[in-house]
Visitor: 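First, the structure itself, so that you have it in front of you.
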Protein chains: 2
Amino acid sequence: MQIESLKISYFTVYRLSTYLRVLSKLDRSRVGTITSVEIGEMTCTPDTQVRKDLAYFGQFGKSGTGYDVKKLKRKISEILGTRKIWHVALIGVGSLGRALLAYPGFKERGFYFVAAFDIDKKKIGKQFNKIIVQDMRYLEKEIKEKKIKIGTIAVPASNAQQITNRFVDAGVECIFNFAPIRLKVMKKIRVRNIDLASEIALFSFYLKNKSW
Amino acid sequence: MQIESLKISYFTVYRLSTYLRVLSKLDRSRVGTITSVEIGEMTCTPDTQVRKDLAYFGQFGKSGTGYDVKKLKRKISEILGTRKIWHVALIGVGSLGRALLAYPGFKERGFYFVAAFDIDKKKIGKQFNKIIVQDMRYLEKEIKEKKIKIGTIAVPASNAQQITNRFVDAGVECIFNFAPIRLKVMKKIRVRNIDLASEIALFSFYLKNKSW
DNA sequence: GTATGTGAAGTAATTCACAGCT
DNA sequence: AGCTGTGAATTACTTCACATAC
């Protein structure tokens with residue numbers, strides 16, 4: 001599938017991923033069709049939003065009936081690009097890094113960690129979830145050889161920018177950043193920040209002010 | 001500080017947290033004032049956005065000069081409620097749960113895990129980061145006794161809704177959810193979902209379509 | 001001159017309302 | 001009748017432009 005140059009928002013892509021997940025859980029037991037209202041209920045999304053998100057990419061539904069579950073699942077997979085295998089690198093094999101290596105949700109969607117690095121000499125050579133931790137000096141070599149386009153940063157903030165620069169120079173286009181710092185990159189590089197402390201800070205604000 | 005009933009968006013609160021972080025790093029070495037342009041550069045936010053975010057809560061700056069670093073830092077802390085200690089519960093002491101227990105960013109902001117639970121009998125009684133894993137049956141008791149308002153869910157999707165219900169019944173008001181499922185809760189309960197698989201799905205979409 | 005604070009303007013995202021298909 | 005697909009309306013968020021303060 002080739003998407004017209006229509007601009008798709010981050011929000012839409014994210015929701016598509018949640019639709020795909022609930023469809024995947026359905027597929028076995030359920031046959032036939034599903035409506036946008038049902039998808040909406042399962043994902044806490046208004047049905048009109050579900051339809052609009054899908055409509056950006058074509059007309060997959062049947063008026064009066066809904067969407068064919070199997071077909072829709074395949075379509076969303078295609079749109080998201082999750083029918084392909086993606087190679088991912090990890091920098092920082094601390095407790096968070098190891099949790100990411102072990103996270104089953106990535107493999108399910110076709111994202112495979114194929115290289116892990118750490119500056120800690122004691123960790124180098126050790127194996128976690130079948131990935132052997134390597135010395136940082138091989139970063140560029142591995143990224144190029146394994147055609148890695150997605151890099152994951154799970155190191156303290158102080159080292160994150162430098163690793164980002166090395167990632168980008170080596171050909172990484174997408175960065176999954178768990179370090180609490182906003183990385184400076186060219187516009188064409190995608191960065192997703194998971195800032196756990198800022199996320200939890202929303203709660204103290206809410207508990208204090210009962211608003212947001 | 002009491003905030004007028006002006007509606008503050010999630011985006012504003014989140015950004016305030018990032019401003020606070022860069023201010024905290026400055027405080028030692030730097031004296032005096034900082035401008036919205038400087039804060040903006042450090043957090044990848046337009047300066048006009050920085051000023052607008054701050055202006056929701058009062059007039060902390062000085063025209064022609066900027067903001068007093070120490071004072072601004074204190075103000076944002078007050079706004080976010082991070083000058084207080086918040087008790088947090090964790091359900092699910094798998095690799096992700098343990099990474100959360102070990103994450104230093106929470107304590108820095110005043111969020112302390114004070115109870116952890118797991119269904120795995122082998123984990124119960126074990127200690128991680130000074131927290132002893134307890135049997136799930138003590139969930140309600142601990143939440144009430146320790147006045148826990150923030151609960152963290154790091155279990156598979158299949159158990160997440162049931163735990164949510166127990167959380168809410170016991171008095172939890174904010175839920176930090178790492179399970180890949182949209183939890184159903186009353187409107188007054190705050191939920192922040194960290195859906196790692198959906199986040200990474202954005203990358204395959206981008207790599208495939210070079211857009212979002 | 002320099003930087004804040006803010007109403008007004010602009011942009012983006014969501015929701016409504018309904019025409020049209022099955 | 002039931003449900004999709006979509007332009008129009010709405011709401012939310014961001015950026016601009018500039019009056020005001022130091």
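Chain naming here is simple, since letters A, B, ... match the order of the sequence lines and numbering starts at 1 in each. All heavy atoms count here, side chains included; hydrogens, waters and symmetry mates do not.
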Visitor: How is A:S36 classified with respect to the nucleic acid when contacts are heavy atoms under 4.0 Å: base, sugar-phosphate, or nothing?
Guide: sugar-phosphate
Visitor: Report the nucleotide, chosen from C:dG5, D:dT6, D:dT15, that has the shortest atom-to-atom distance to any side-chain atom of B:P46.
Guide: D:dT15
Visitor: Starting from C1' on C:dT11, measure out to CD on B:Q49 and report it in whole angstrom.
Guide: 13 Å
Visitor: Does any donor-acceptor pair link the side chain of A:T35 with the base of D:dC3 at a separation under 3.5 Å?
Guide: no
Visitor: Can you check the A:L54 CG to D:dC3 P distance for me, whole Å?
Guide: 16 Å
Visitor: Measure CG/B:D47 against C1'/D:dA17 and give the value in whole Å, please.
Guide: 12 Å
Visitor: In this structure, how many angstroms lie between the P atom of D:dT14 and the CZ atom of B:R15, rounded?
Guide: 4 Å
Visitor: Let me know the distance between OH of A:Y14 and C1' of C:dA12, rounded to the nearest Å.
Guide: 19 Å
Visitor: Rounded to whole angstrom units, what separation is found between the NZ atom of B:K62 and the P atom of C:dG1?
Guide: 21 Å
Visitor: So if I take every side-chain heavy atom of B:F11 and compare against C:dA13, D:dT14, D:dC3, which nucleotide ends up nearest?
Guide: D:dT14
Visitor: Of the nucleotides C:dT6, D:dC13, D:dG5, which has the atom closest to the B:T48 side chain?
Guide: C:dT6
Visitor: Considering only side-chain heavy atoms of A:S63, which listed nucleotide, C:dG20, D:dT6, D:dT15, is closest?
Guide: C:dG20
Visitor: Check the distance between D:dT4's C1' and A:E38's CD and give it to me in whole angstrom.
Guide: 14 Å
Visitor: Pick the closest DNA chain D nucleotide for A:K52 and for A:G64 by heavy atoms, then say which residue is nearer the 5' end.
Guide: A:G64
Visitor: Considering every strand and a 4.0 Å limit on heavy-atom distances, what is the contact class for B:T65: base, sugar-phosphate, or nothing?
Guide: sugar-phosphate
Visitor: Examine C:dT15: is either OP1 or OP2 under 4.0 Å from a nitrogen or oxygen in the side chain of A:R51? Give yes or no.
Guide: no
Visitor: Show your reasoning for whether salt bridge (Lys or Arg N to Asp or Glu O under 4.0 Å) applies to B:R166 and B:E140.
Guide: CA-CA 7 Å; B:R166 287 179 66 181; B:E140 285 78 5; 2.8 Å; yes
Visitor: Could you work out which one of C:dT6, D:dT14, C:dA12 sits closest to the side chain of A:K7?
Guide: C:dA12
Visitor: Atom CZ of B:F57 to atom P of C:dG5: distance rounded to whole Å?
Guide: 13 Å
Visitor: Any salt bridge between B:K73 and B:D68, counting N to O under 4.0 Å?
Guide: no
Visitor: Any cation-pi pair here, A:R98 with A:F128, using under 6.0 Å and within 45°?
Guide: yes
Visitor: Report the distance from atom NZ of B:K208 to atom CH2 of A:W86, rounding to the nearest 0.5 Å.
Guide: 8.5 Å
Visitor: With respect to the phosphate group of D:dG5, does any side-chain polar atom (N or O) of A:Q59 fall under 4.0 Å of OP1 or OP2?
Guide: no
Visitor: Establish, for the pair A:R192 and A:F176, whether the NZ or CZ atom is under 6.0 angstrom from the six-membered ring centre and no further than 45 degrees off its axis.
Guide: no
Visitor: B:Y67 has a side chain; which of C:dG5, C:dA17, D:dT14 sits nearest to it?
Guide: C:dG5
